[in-house]
Amino acid sequence: MPEPVIKLSPTPTKSASPSTRVTTSATTKSTTSTSTNPAAAAPKNVTNPHAHYCVDNALTFCVVITKNSSASTLSFTAYTYYTGWIGFGAGNQMKGSRLFVSWYNSTNGTIVSERVATGHVQPVVNNGTAFTVQKAPQSMGVSVPSAARLSMTVTVPSSSVFGTTGSFVWAVSGTAPFQSDLSASGFQMHDEKGVFSALVLASGPA
């Protein structure tokens, strides 16, 4: 049986300086959450005790993490009210982080692109992590709220950097990528970003 991860806590961060921002459809801002109780911002329809983090009740960015010890995998379900793109990565800052960035293509299919952030420039395409794209694991009680307008679920090996780090970054945008049907498409800079910490390997045996 897959079991939930048991600890998640937010860590605020500052957004990029105004000189590095790209004008998009929303105002750039950073995480303002100061709650140290991960249950305080839990998605209301996630009834099982999964690890979860929401920036705010408006669904600016939320993620639910589940661990499957028998398969040695971790699943990340991330969602937002933004409609352009959503991303999260392993690391305590954008620079150097391994990222998953997702958006919907012209047929409303889900595109997930693995990237590496090198600073306040376009993250470059990277194919270094084995991952699968799937629907939110509803059999484990994970579902995406109807108010969310963009979501993705990726499953990665527990031995990957996503399973061995304790720090994650996130970012969202209201502007769609330039070529939505291409996983290597360029896209504008985030409208909002932040960091959070998660003890992703703290569950007991399956």
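Side chains are part of it too, since the values below use all heavy atoms of this structure and drop only hydrogens, waters and symmetry mates.
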Point-to-point distance, once rounded to the nearest 0.5 Å, from [atom1] of [X] to [atom2] of [Y]:
| X | Y | atom1 | atom2 | result |
| --- | --- | --- | --- | --- |
| W103 | S113 | CH2 | OG | 4.5 Å |
| S97 | R115 | OG | CZ | 14.5 Å |
| N57 | C62 | CG | SG | 8.5 Å |
| F100 | E114 | CZ | CD | 5.0 Å |
| F196 | C54 | CZ | SG | 10.5 Å |

Please report the shortest heavy-atom distance between S102 and T110, naming the atom on each side.
->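 Looking at all heavy atoms of both residues, the shortest contact is OG-CG2, 3.5 Å.
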Between L59 and A148, which heavy-atom pair has the shortest distance, and what is it?
-> CD1-N, 3.8 Å
Between F131, W170, F168, which is the residue that forms a ring-ring contact (aromatic ring centres under 6.0 Å, His included) with F76?
-> F168
Exactly one candidate in V133, I86, T132, T153 meets side-chain contact (heavy atoms from CB on, under 4.5 Å) with V112; the answer is V133
Would a 4.5 Å heavy-atom cut-off, applied to side chains only, mark [X] and [Y] as touching?
| X | Y | value |
| --- | --- | --- |
| L150 | T83 | no |
| F162 | I65 | no |
| T77 | V63 | no |

Show the numbers, then the answer: is there a side-chain contact (heavy atoms from CB on, under 4.5 Å) between K193 and V169?
-> CA-CA 7 Å; K193 71 169 186 175; V169 296; over 6 Å; no
Do the side-chain N and O atoms of T155 and T73 include a donor-acceptor pair separated by under 3.5 angstrom?
-> no
Check: [X] side chain, [Y] main-chain N or O, donor-acceptor pair, under 3.5 Å:
| X | Y | value |
| --- | --- | --- |
| S180 | N105 | no |
| S160 | P157 | yes |
| W85 | Q188 | yes |
| T80 | T60 | yes |
| S158 | S72 | yes |

Report the C-alpha separation of M152 and F88 in whole Å, then their side-chain angles, then the decisive distance to 0.1 Å, and conclude whether the side-chain contact (heavy atoms from CB on, under 4.5 Å) test is met.
-> CA-CA 10 Å; M152 67 167 161; F88 71 91; 3.4 Å; yes
Please report the C-alpha distance between S106 and D181 in whole Å, then the side-chain angles of each, then the deciding distance to 0.1 Å, and finally whether the side chain to side chain donor-acceptor pair (under 3.5 Å) criterion is met.
-> CA-CA 6 Å; S106 60; D181 290 326; 2.9 Å; yes
Would you please indicate if the ring centroids of Y82 and F61 are separated by under 6.0 Å?
-> no
Give the intermediate values and the outcome of side-chain contact (heavy atoms from CB on, under 4.5 Å) for residues T175 and F187.
-> CA-CA 8 Å; T175 303; F187 47 82; over 6 Å; no
Step by step, work out the side-chain contact (heavy atoms from CB on, under 4.5 Å) result for N92 and V195.
-> CA-CA 7 Å; N92 57 15; V195 299; 5.8 Å; no
